[in-house]
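One structure below.
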2 protein chains.
Amino acid sequence: MATPDAPQRSNDGTVGKALEILDRVAEYGRPVRFAELLADSSHPKATLYRLLQTLTNQGMLCFDDLQQTYAPGLRLVRLAHTAWRQSSLAPIARPHLDALSTSVGETIHLAQLDQGQVLYVDKRNARTPIEMFSQAGKVGPGYCTGVGKAIIAHLDQDAREDAIRRQAFFQHTPHTLATETAFRDELESIRADGVAFDREEHEPGIICIAAPILSTKGRVMGALSITSSTRRQSLESLTSLRPLLLKTANDIAETAESWQFPT
Amino acid sequence: MATPDAPQRSNDGTVGKALEILDRVAEYGRPVRFAELLADSSHPKATLYRLLQTLTNQGMLCFDDLQQTYAPGLRLVRLAHTAWRQSSLAPIARPHLDALSTSVGETIHLAQLDQGQVLYVDKRNARTPIEMFSQAGKVGPGYCTGVGKAIIAHLDQDAREDAIRRQAFFQHTPHTLATETAFRDELESIRADGVAFDREEHEPGIICIAAPILSTKGRVMGALSITSSTRRQSLESLTSLRPLLLKTANDIAETAESWQFPT
DNA sequence: GAAACTGGTTTCATTATTTGGAACTCAAGA
DNA sequence: TCTTGAGTTCCAAATAATGAAACCAGTTTC
């Protein structure tokens with residue numbers, strides 16, 4: 001699977017480079033050989049080699065001696081465990097997602113913004129699950145998903161500009177808003193309306209309604225969406241779920257705000 | 001919760017330092033202030049500061065402007081998603097775990113070795129829905145858990161010595177094998193026997209039987225355990241599950257070996 | 001069977017980055 | 001107002017990263 005939506009990141013120092021490589025390896029989604037990495041890397045052989053060594057040494061990558069391939073290492077899983085618990089809305093939102101899930105019976109996504117992209121931090125499957133791209137931990141583009149648009153629309157000026165700058169604007173489907181101006185207009189109307197729709201903009205036949213999760217001070221913490229397919233629902237029928245969606249988003253926000261980490 | 005079992009890692013370069021700090025932050029298990037980190041860090045203020053900046057900038061850490069605290073960042077969750085899918089036995093072993101779980105009705109752990117420590121990559125409780133990072137990603141010591149001992153016992157010479165060197169040998173309970181020699185003897189007998197037991201060595205009242213997951217070439221890929229409490233089971237009654245446990249471990253190994261990543 | 005090739009690893013002088021002591025800023029508290 | 005402490009910035013010295021080229025297997029080709 002190709003990944004046309006890569007985020008850009010300012011390159012700070014050696015760690016920056018190392019982490020860029022780490023990302024690169026992860027992007028492949030399969031074990032990858034040294035030569036392959038070298039091919040689409042701007043670094044000279046020796047540099048790449050040493051960087052990979054270091055990462056492997058550190059357990060961030062794991063090297064398969066037999067196949068001579070690199071893959072993301074288990075140390076990441078360990079680190080992510082804490083990250084997920086502390087920095088994501090998922091643990092807090094769980095009961096609310098459960099409730100919403102049982103009452104609507106469609107696929108539910110909880111997502112947060114990570115470097116301009118959408119990161120799904122939790123998910124509930126529909127009663128009749130439909131195959132699609134997303135699981136907890138997966139990422140998606142910001143400009144053509146319901147959650148992405150809902151979040152970006154409600155960011156403050158600076159953060160929003162930054163997020164927009166990071167979009168790749170790849171035309172996934174005929175409905176994708178693939179230009180910056182179209183996207184800006186869309187954000188405007190989303191902010192006015194309060195919810196965002198995905199009108200088959202990312203995957204054909206997949207639609208959703210999404211609401212931002214806003215703190216009392218108006219900061220976006222993430223977004224929540226109800227997803228379905230055009231076979232089962234229309235945009236209109238999804239709209240009827242709007243009050244429930246907004247209520248849940250609000251509940252999550254409230255829980256999150258009253259949540260204090262055990263010191 | 002205190003963490004007496006810290007692994008040691010050879011410090012390579014700047015990335016090494018950065019990643020060490022990342023680990024440090026994660027270890028706290030809660031948002032942490034600059035000053036706290038500075039306190040138990042060997043780095044001077046400026047250095048630590050810049051390293052934190054870089055990590056935050058890279059999304060590996062996230063900084064709470066309001067509270068002025070650092071926590072592991074969401075980028076980790078994203079990376080871990082691929083790591084878990086590619087480098088862990090979890091996705092492959094899932095159906096086998098399910099089967100074992102329903103037939104024994106006790107807690108099941110699937111673990112792999114990460115830098116001398118045990119990393120749980122999947123788990124079954126009596127009845128638990130599938131969620132990823134909430135249960136996968138926890139770590140435990142290698143020298144006093146069933147899975148840890150099962151794995152280390154079956155490592156080859158070099159890797160085993162390395163693993164032993166990384167153990168902290170903290171006396172968790174009266175039954176903990178807290179010396180290197182005692183541990184070596186134990187490994188010997190585990191290798192002879194084929195399964196490992198946790199005789200309340202990590203937590204009082206908790207016992208388990210664990211089996212290594214071995215490739216046909218004899219390489220350990222991980223371990224599988226059935227855990228219970230002394231109230232419900234004895235070591236003897238756990239032993240009766242031995243054939244089933246070994247069978248499952250073997251099944252997982254076979255599935256893993258015949259698994260080829262889609263190229 | 002030798003020669004060229006491929007894919008990976010190592011060397012080493014050059015170069016750029018990291019380092020950390022100290023100075024600075026900005027609040028909050030006495 | 002004066003102190004104190006947390007956080008941030010400076011800059012010369014120390015250190016680590018760089019990358020061209022050499023090297024070292026195994027393979028394939030001639």
Side-chain angles (χ1 to χ4, degrees), chain A residues 9-25 27-28 30-73 87 158 217 261 263, chain B residues 8-25 27-28 30-73 87 158-159 162 217 260-261 263:
Chain A
R9 206 185 304 273
S10 52
N11 209 55
D12 31 15
T14 314
V15 263
K17 282 170 214 161
L19 294 177
E20 188 216 310
I21 292 186
L22 188 58
D23 257 1
R24 199 76 63 101
V25 174
E27 252 164 42
Y28 276 83
R30 62 172 171 83
V32 59
R33 292 187 87 83
F34 177 81
E36 296 187 80
L37 286 168
L38 181 59
D40 47 54
S41 156
S42 55
H43 305 285
K45 234 207 277 199
T47 304
L48 181 65
Y49 179 69
R50 261 169 299 116
L51 245 18
L52 286 171
Q53 289 265 93
T54 313
L55 287 170
T56 307
N57 205 346
Q58 293 286 328
M60 302 297 279
L61 287 178
C62 85
F63 182 68
D64 181 340
D65 268 310
L66 196 67
Q67 303 270 164
Q68 302 216 117
T69 54
Y70 295 89
S87 308
D158 286 358
K217 281 182 228 76
F261 235 95
T263 46
Chain B
Q8 61 172 64
R9 205 186 304 274
S10 50
N11 210 55
D12 31 15
T14 315
V15 267
K17 282 171 214 161
L19 294 177
E20 189 217 309
I21 292 186
L22 188 58
D23 257 1
R24 200 72 65 98
V25 174
E27 252 163 43
Y28 277 84
R30 61 173 173 81
V32 58
R33 294 186 87 82
F34 176 80
E36 297 185 79
L37 285 168
L38 182 59
D40 49 51
S41 155
S42 54
H43 305 286
K45 233 206 278 199
T47 304
L48 181 66
Y49 178 70
R50 260 169 300 120
L51 247 16
L52 286 171
Q53 288 265 94
T54 313
L55 287 170
T56 306
N57 204 346
Q58 292 287 328
M60 302 296 278
L61 287 179
C62 85
F63 181 68
D64 181 340
D65 269 309
L66 195 66
Q67 303 270 169
Q68 303 216 119
T69 53
Y70 295 88
S87 309
D158 286 359
D162 178 65
K217 283 183 226 73
Q260 196 66 298
F261 236 93
T263 48

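Here is the naming used below: chain letters follow the sequence lines, and residue numbers restart at 1 for every chain.
If B/Leu51 and B/Lys45 are placed on DNA chain C by their nearest nucleotide, the residue sitting closer to the 5' end is B/Leu51. When each of B/Tyr49 and B/Val15 is assigned the nucleotide of DNA chain D with its nearest heavy atom, B/Tyr49 is the one assigned upstream, toward the 5' end. Summary of the strand contacts: A/Glu36 and B/Ala46 both lie near DNA chain C, and taking for each the nucleotide with the nearest heavy atom, the more 5' one is attributed to A/Glu36.
Residue-level contact check: A/Thr14 touches the backbone only, with heavy atoms under 4.0 Å from sugar-phosphate atoms and none from bases. Counting any heavy atom pair closer than 4.0 Å across all strands shown, B/Ala35 reaches sugar-phosphate atoms only and no base atom. Across all strands, A/Arg50 comes closer than 4.0 Å to base atoms (heavy-atom distances).
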Just distance, no hydrogens or angles: give the donor-acceptor pairs under 3.5 Å from side chains in residues 36-43 of chain B, sequence neighbours left out.
| unit_1 | atom_1 | unit_2 | atom_2 | d |
| --- | --- | --- | --- | --- |
| B/Glu36 | OE1 | B/Arg30 | NH2 | 2.9 |
| B/Glu36 | OE2 | B/Arg33 | N | 3.1 |
| B/Asp40 | OD1 | B/Tyr28 | OH | 3.3 |
| B/Asp40 | OD2 | B/Tyr28 | OH | 2.9 |
| B/Ser41 | OG | B/His43 | N | 3.0 |

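Note that the OG1 atom of A/Thr56 and the CG atom of A/Asp64 stand 11.5 Å from one another [nearest 0.5 Å]. From A/Leu52, atom CG reaches atom CZ of A/Arg24 across 11.0 Å, with rounding to the nearest 0.5 Å.
Across every non-hydrogen atom of A/Tyr70 and A/Val25, the tightest pair is O-CG1, 4.0 Å. Of all non-hydrogen atoms in B/Leu55 and B/Leu22, the two that sit nearest each other are CD1-N, 4.2 Å.
On the nucleic acid side, DNA chain C contacts chain A at distances under 4.0 Å to non-hydrogen atoms, with the end points of that region at C/dG8 to C/dT18. Here the range on DNA chain D touched by chain A, meaning any atom under 4.0 Å from one of its heavy atoms, is D/dA17 to D/dA20.
Although no hydrogens or angles enter the test, the distance criterion places a donor-acceptor pair under 3.5 Å between the side chain of A/Ser87 and the main chain of B/Pro72.
Contact of the B/Gln53 side chain with the B/Phe63 side chain is not registered, since no non-hydrogen atoms from C-beta on lie closer than 4.5 Å.
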*Between A/Gln58 and B/Val15, is a side-chain contact (heavy atoms from CB on, under 4.5 Å) present by the stated rule, with each step listed?*
CA-CA 9 Å; A/Gln58 293 286 328; B/Val15 267; 6.0 Å; no
